[in-house]
Amino acid sequence: MAWSIIFDVAEYRPQELDRKWQQRWADTRAFEPTEDPTRPKFYCLEMFAYPSGHAHVGHVRNYIIGDVMARTRRMRGFNVLHPFGWDAFGLPAENAAIKSGIHPEVSTFGNIEHMKGQLKRLGISYAWDRELATCTPEYYKWNQWLFIRMYERGLAYRRRSTVNWCPVDLTVLANEQVVDGACWRCGTAVVQRDLEQWFLKITHYADQLLQGLDTLTKWPEKVLTMQRNWIGRSEGARVRFPLVGDPVVGPNVGPNFSSAIAAAIEVFTTRIDTIYGATFVLLAPEHPLVETFAAGTADPKAFRAQVTKFRMQDRTARMSGDVEKEGVFTGHYAVNPFTGGQVPVWVANFVLGEYGTGAVMAVPAHDQRDFEFARTYALPIRVVVGPADADAPSAESLTEAVSNDGVIVNSGPWDGLPSDEARTKMTADARTRGIGEGTVQFRLKDWGISRQRYWGTPIPMVYCDKDGVQAVPDDQLPVLLPKVTEFTGRGDSPLAQVPEFVNTTCPRCGGPARRETDTMDTFVDSSWYFDRFTDATNALQAFSPVKAKYWLPVDFYSGGVEHAILHLIYSRFFTRVFRDLGMVDHDEPFTQLLTQGMVLKDGKVMSKSKGNVVDPDQMIQKYGSDALRLYVMFVAPPENEVEWSDAGLEGSFRFLARVWRLVDHWAAAVGEAGPVPADLNDAERAARRKTHDTIRRVTMDIEERQHLNTAVSALMELVNDLYAFSDQTVGGSPGQHAASAVTTAERLETLAVVREAVEALVLMVSPFAPHMAEELWEHLGHQGGLTAAAWPAHDAAAARAAEIVVPVQINGKLRARVTVPSEASEDEVRAKALADPAVLAHIAGKTVKKVIVAQGKLVSVVVS
RNA sequence: GCCGGGGUGGCGAAACUGGCAGACGCAGCGGACUUAAAAUCCGCGGCCUCCCAAAGAGGCGUGUGGGUUCGAUUCCCGCCCCCGGCACCA
């Protein structure tokens, strides 16, 4: 039995390495940085996790991406902050409590414990000292503190509003949380409710949030576009159409119809240039004037029934499909302030109450919606824009609206102007005459943050009969979330059922008062957690501006694209608030954003309910964490969606074992090798060239392109080459004969080249497979671990080849390859190419018209 | 409808600035080692044609039809399909 010989070369046993090095990193506190102004910083962050219980490989992919970036930057001399935390408040824990009776606090911390273990078993290099959970008073105190600062500045305010209410989750949803008219979480159709709500005035920053997008050059175009659409800026004008003599309507002209009684209808339009074609005015069913007009209509009951029908359509039918354009005449007329003509006022089901002024001027000739409406109800159509080089079409000939710009016609003094010029001039004219003004309209709305739920940050406000709404003074923060023991899932806010919480004293008069019983949307928590990481244990401040200045902004941020709007726009908003409070001095929180793709199993997103989750722990048990890490990085670029494959994981394990054998094979011999000498033979030079070319490729792929898959490919190529080199130089590849560890080689040069190659390989594989790399690094005789090691340096001269193979094309077809010295001149390359037998055969009997030499790349011969 | 991103072997993918399409890996096939298997090591591999076969040679090939160019997966124009976002936003 030859067992002893077989085990001369140590077997790759990843599970032992995982344990050993994870322990070592924890013992030496290897990843806990402190501020160091002498070194460049790198703040690497992955979106923190909701502690659902178990992380699957889809979640874990994101953490590995960040870890590769963090570990690489550390070796490249950066002071790296790579923290992790828990988005620990939220509905699922509370819903589970209603079902199972387990208190959210208990389940949440239990889940955190388990998931933290999973991440540690993956060897992610987190600064665990800075770990935070948003459900702790140490964290949410600062949510409350910030809320009060916003309240003081008018950025947090309370108003009664129609809100999106989820009848299943029993809570209000922000506009961003309503997807196709349904709750983003449970999919139930959303209903409308009127409630007193707290809002954050994100619209105050609408223009800044839009303009800031232009500075985000390292964000995916997709996300920038989604945010632009979401903010939805449009330039236009507000114009007032006075109502024609009506006893109900008073003389006061209100700019926004804050009162139900006004003497004019204000519309918002982006096409004031078409106002001579405005032949009627449309009101949203929600418009305040609608109810005012109702009483005066011929049949008020029928009128109101119509309007009610339109309002019901709004949320449900309108979302699900095309709703016929319908309207009802109010019996009233308004004056087109440009033509002076009287136009009828209708209520239309397709006009939105919450956008603009809730009223539009209808220009059927130049707006498709108005066109359809006019045709349905036989309202007049008037063409006021024509093409620049032809006559304008007649209204009768139109089959659809013409919405593009052109030249103004049928518009009195404005005839002949191009549309854009007309818009500017007519807006100015409206302003001069006091009937309107230019304005910018946003689609973005203020952020309603009140939630009628338990498991969230209490809103730190108090209601006093005498003094009204009062903020809780800073020295009484945090307003602690009381321990609710019974979760029924019925009624409004669970906190309203805790008298000792509700009943308090007014901070101003000391008299009896009631606390706000709603909690904050959990997106508040996640809007600034990256700031807190810079100073996670600060008990006196949300974070120190000095520490924040050192670490922020986040240099590299990665997470799922599903947060492209919600989290990423709220965080940009909060950053501006902190800036205006003097806490930070940058505008944008995340310099670079990477949106990682999901991991699918059987073509579907992994989820517990579908029963198709891949548990990283099971994979680690079988193949070790390094193989899992490497596979997930190798399978595709980080942005791509990928299908999970057990076979692929096994392939990555094989590669690591191959690296292990290679290094082990040479380790004993290369210990004696010195620096690489100048006079190498061809094989040695080629191996060295491959080493340095790989350094270049891997460095660029990780740092510049985040193409982590091709970085791994390059390492595989290097390993393949080194196996062949081993075979050539010492006979027999590593692993071919298990006991064939090299003890010496014929040439010292060989050992020096191999040592350089193998060390570079171990260093470069370490971000992907840190446990194995640490062990091999130690095995190669290095002390102090990889945390202290430097990334290999690229030597461009060593990477350059002495000879290169140049393909030769004849009339665009590849016909030959010639080998030339890499520094050969253009003439030499041309001569060599034209002398090649295969080339001669193809040009025989033909005329060479042209020879193009692309230096170092290719020769192209044109013949006829 | 508008905006953004895509379409490359059996599969995941690569091709950096217009220059050898398919690197690297998975699955597959062949060889070495072994009594045998596993593991390991080495090799083959887009499609088609010529050839008994091999070697070799040639043709076609990056969704599709054009264009620019000595040369196009890459640039331009038209079309088809897929994914994501927004969607009666005046």
Side-chain angles (χ1 to χ4, degrees), chain A residues 6 180 220-230 232-234 236 267-271 274 282 284 318-319 322-323 325 348-352 354-357 359-363 366-370 372-373 403 441-443 561-562 564-565 595 631 634-637 639-643 645-652 654-655 657-658 661 696-697 700-701 704-705 707 709-717 719-720 723-724 727 732-738 805-817 838 841 849-852 854-863:
Chain A
I6 288 167
D180 293 337
E221 201 54 44
K222 178 175 38 171
V223 175
L224 296 175
T225 305
M226 283 164 70
Q227 292 216 354
R228 274 191 197 102
N229 291 344
W230 192 261
R233 182 183 200 271
S234 47
V267 302
F268 172 73
T269 180
T270 56
R271 292 297 303 273
T274 63
L282 297 172
R318 188 194 269 182
M319 292 295 183
D322 285 5
V323 173
K325 289 178 179 50
N349 62 345
F350 65 90
V351 178
L352 302 172
E354 67 276 25
Y355 184 79
T357 60
V360 298
M361 63 178 210
V363 185
H366 304 292
D367 181 285
Q368 185 59 26
R369 296 158 299 188
D370 301 342
E372 288 169 28
F373 195 84
S403 55
Q441 188 66 44
F442 291 95
R443 209 193 77 112
V561 72
E562 65 272 21
I565 303 175
T595 52
Y631 169 63
F634 173 64
V635 64
E639 294 85 353
N640 285 26
E641 216 166 59
V642 297
E643 173 71 25
S645 152
D646 285 345
L649 172 60
E650 183 142 355
S652 292
R654 278 201 294 265
F655 169 72
R658 206 164 140 83
R661 284 190 296 271
R696 181 188 63 82
R697 284 170 62 186
M700 188 178 71
D701 282 351
E704 288 172 36
R705 311 199 303 165
H707 282 199
N709 56 325
T710 53
V712 176
S713 299
L715 292 171
M716 288 173 168
E717 282 186 46
V719 169
N720 290 345
Y723 265 69
D727 206 13
S733 291
Q736 191 172 17
H737 309 293
V805 176
V806 178
V808 184
Q809 289 184 351
I810 297 172
N811 284 356
K813 290 201 188 334
L814 179 70
R815 298 299 184 190
R817 292 187 176 88
K849 286 171 69 180
K850 207 187 218 179
V851 180
I852 293 147
Q855 270 302 27
K857 285 179 182 162
L858 160 147
V859 177
S860 183
V861 183
V862 187
V863 299

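So that the names make sense, note that chain A is the first sequence line, chain B the second, and so on, each numbered from 1.
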Touch class at under 4.0 angstrom, heavy-atom based, for Asp370(A) against every strand present: nothing

Complementary nucleotide for C11(B) - Watson-Crick or wobble, under 3.5 Å: G25(B)

Closest-nucleotide 5' rank along RNA chain B - winner of Ser645(A) and Lys813(A): Ser645(A)

Watson-Crick/G-U partner (both atom distances under 3.5 Å) of C86(B): G1(B)

Protein-nucleotide distance (Arg658(A), atom CZ; A39(B), atom P), rounded to Å: 15 Å

Any strand: nucleotide that pairs with G58(B) via Watson-Crick or wobble, under 3.5 Å: C48(B)

Distance in angstrom units between Met226(A) CE and G84(B) P, rounded: 11 Å

Within-4.5 Å side-chain heavy-atom neighbours: Phe655(A) and Phe634(A): no

Sugar-phosphate only, base, or nothing, as touched by Lys325(A) at under 4.0 Å among non-hydrogen atoms: base

Where protein sits on nucleotides 2-23 of chain B, one letter per nucleotide: B base, S sugar-phosphate only, - none, heavy atoms under 4.0 Å: -SS-------BSSSB--BB--B

Derivation of the side-chain hydrogen bond (donor to acceptor under 3.5 Å, both in side chains) call for Asn229(A) and Arg443(A): CA-CA 8 Å; Asn229(A) 291 344; Arg443(A) 209 193 77 112; over 6 Å; no

Atom pair distance, as rounded to whole Å: CG in Asn349(A) and C1' in C88(B): 9 Å

Nearest-Å distance for atom pair CH2/P, residues Trp230(A) and G84(B): 17 Å

Length of the CG-P vector between Asn720(A) and U40(B), whole Å: 14 Å

C41(B) phosphate, OP1 or OP2, under 4.0 Å from Arg661(A) side-chain N/O: yes

C1' atoms of C82(B) and U64(B), separation to the nearest Å: 15 Å

Inter-nucleotide P distance (C76(B), G4(B)), Å rounded: 13 Å

Anti/syn call for G9(B), syn if |chi| within 90°: syn

Expected output: side-chain Asp701(A) to main-chain Asn709(A) donor-acceptor under 3.5 Å: no

Contact under 4.0 Å: Ser234(A) side-chain N or O vs A90(B) OP1/OP2: yes

Integer angstrom distance from the P of C79(B) to that of G9(B): 25 Å

Whole-Å distance separating the CZ atom of Arg654(A) from the C1' atom of C26(B): 8 Å

Integer-rounded Å distance: G25(B) C1' and Phe655(A) CZ: 11 Å

C81(B) versus A23(B) - spacing of their P atoms, nearest Å: 32 Å

Along RNA chain B (nearest heavy atom to each residue), the more 5'-positioned of Ala647(A) and Asn811(A): Ala647(A)

Verdict with reasoning, Thr357(A) to Tyr355(A), per side chain to side chain contact (heavy atoms under 4.5 Å, CB included): CA-CA 6 Å; Thr357(A) 60; Tyr355(A) 184 79; over 6 Å; no

Smallest separation among heavy atoms of Val642(A) and Ala636(A), with atom names: CG1-CB, 3.3 Å

Out of C70(B), C41(B), G25(B), whichever nucleotide has its closest atom nearest the side chain of Met716(A): G25(B)

Tyr631(A): ring-ring contact (aromatic ring centres under 6.0 Å, His included) partners, not counting sequence neighbours: Trp644(A)

C1' atoms of G59(B) and C51(B), separation to the nearest Å: 16 Å

Rounded distance (Å) that lies between atom C1' of C83(B) and atom CD of Glu639(A): 15 Å

C20(B) and G31(B), which share atom name C1', separated by this distance in whole Å: 29 Å

C1' atoms of U68(B) and U74(B), separation to the nearest Å: 14 Å

For U68(B), the Watson-Crick or wobble counterpart (both distances under 3.5 Å): none

Considering all heavy atoms, the nearest Thr710(A)-Arg705(A) contact: OG1-NH2, 3.9 Å

N/O (side chain, Tyr723(A)) to phosphate O (OP1/OP2, C41(B)) under 4.0 Å: yes

Integer angstrom distance from the C1' of A14(B) to that of A21(B): 10 Å

Exercise: identify the closest heavy-atom pair between Ala838(A) and Arg815(A): CB-O, 3.7 Å

Below 4.0 Å: OP1/OP2 of G85(B) and any side-chain N or O of Arg228(A): no

Counterpart base for U34(B), defined by Watson-Crick or G-U wobble contacts under 3.5 Å: none

Closest contact, heavy atoms only, Ala362(A) versus Asp370(A): CA-OD2, 3.2 Å

Sugar-phosphate only, base, or nothing, as touched by Gly651(A) at under 4.0 Å among non-hydrogen atoms: sugar-phosphate

Contact under 4.0 Å: Arg815(A) side-chain N or O vs A57(B) OP1/OP2: no

Smallest separation among heavy atoms of Met361(A) and Arg271(A), with atom names: CE-O, 3.5 Å

Touch class at under 4.0 angstrom, heavy-atom based, for Arg233(A) against every strand present: nothing

